[in-house]
Amino acid sequence: MVDTVALARGFLIVLRLITFGLTLGITLISFQAYRKKRSDKLQTAFIGFAFISMGVAVSNVITQLGAGATDSSLTAIFLQMTETIPFIVGFAMLYLSLYR
């Protein structure tokens, strides 16, 4: 018989890999656009997408590492803060690129 939990975990891993692949793809596209035009807006957008890609990667790793930690433990809180920082930087850079 198929273990439903194992199947759901496998599907979740596939979804996370797709998300990471999409963020890397958009980062690559923004880098190529920056190389063509060399504008400050495109450079800032590229940096923003790079940090968002890093945030997705860190989030995936931390989810695996923090699986045993309880939600109220100091370790779990530290790990969640660590995964949030790249997203904050990435979205701030995107905001700057659109605001300029």
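Here the structure is a predicted model, which means the values were calculated and not measured.
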Worksheet item: Tell me, do Asp3 and Leu7 make a side-chain contact under 4.5 Å, heavy atoms counted?
Response: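 They are not in side-chain contact.
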Measuring from [X]:[atom1] to [Y]:[atom2], what's the distance to the nearest 0.5 Å?
{"X": "Thr84", "Y": "Leu79", "atom1": "OG1", "atom2": "CG", "value": "10.5 Å"}
{"X": "Thr4", "Y": "Arg9", "atom1": "OG1", "atom2": "CZ", "value": "12.0 Å"}
{"X": "Phe51", "Y": "Ile88", "atom1": "CZ", "atom2": "CD1", "value": "12.0 Å"}

Which atom pairs, donor and acceptor, lie under 3.5 Å between side-chain atoms of residues 91-99 and protein residues at least two apart or in another chain?
{"residue": "Ser97", "atom": "OG", "partner": "Leu94", "partner atom": "O", "Å": "2.8"}

Show me the donor-acceptor pairs, under 3.5 Å and distance only, between side chains in residues 31-42 and residues at least two apart or in other chains.
{"residue": "Ser39", "atom": "OG", "partner": "Leu42", "partner atom": "N", "Å": "3.2"}
{"residue": "Lys41", "atom": "NZ", "partner": "Arg100", "partner atom": "O", "Å": "2.7"}

Worksheet item: When clusters are formed from ILVMFWY side-chain contacts under 4.5 Å, directly or step by step, what else is grouped with Ile18?
Response: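 Under the 4.5 Å side-chain rule, Ile18 groups with Val14, Leu22.
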Worksheet item: By the rule that ILVMFWY residues connect when side-chain heavy atoms come within less than 4.5 angstrom, directly or transitively, which residues belong alongside Leu28?
Response: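 Hydrophobic cluster check, Leu28: no partners found.
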Worksheet item: Are Val89 and Phe87 linked, directly or through other ILVMFWY residues, by side chains that come within less than 4.5 angstrom of each other?
Response: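 Cluster IDs for Val89 and Phe87 differ.
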Contacts table for residues 53-62: side-chain donor-acceptor under 3.5 angstrom, sequence neighbours left out:
{"residue": "Ser53", "atom": "OG", "partner": "Thr23", "partner atom": "O", "Å": "3.0"}
{"residue": "Ser53", "atom": "OG", "partner": "Thr27", "partner atom": "OG1", "Å": "2.7"}
{"residue": "Ser53", "atom": "OG", "partner": "Phe49", "partner atom": "O", "Å": "3.0"}
{"residue": "Ser59", "atom": "OG", "partner": "Glu83", "partner atom": "OE2", "Å": "3.2"}
{"residue": "Asn60", "atom": "ND2", "partner": "Val56", "partner atom": "O", "Å": "3.4"}

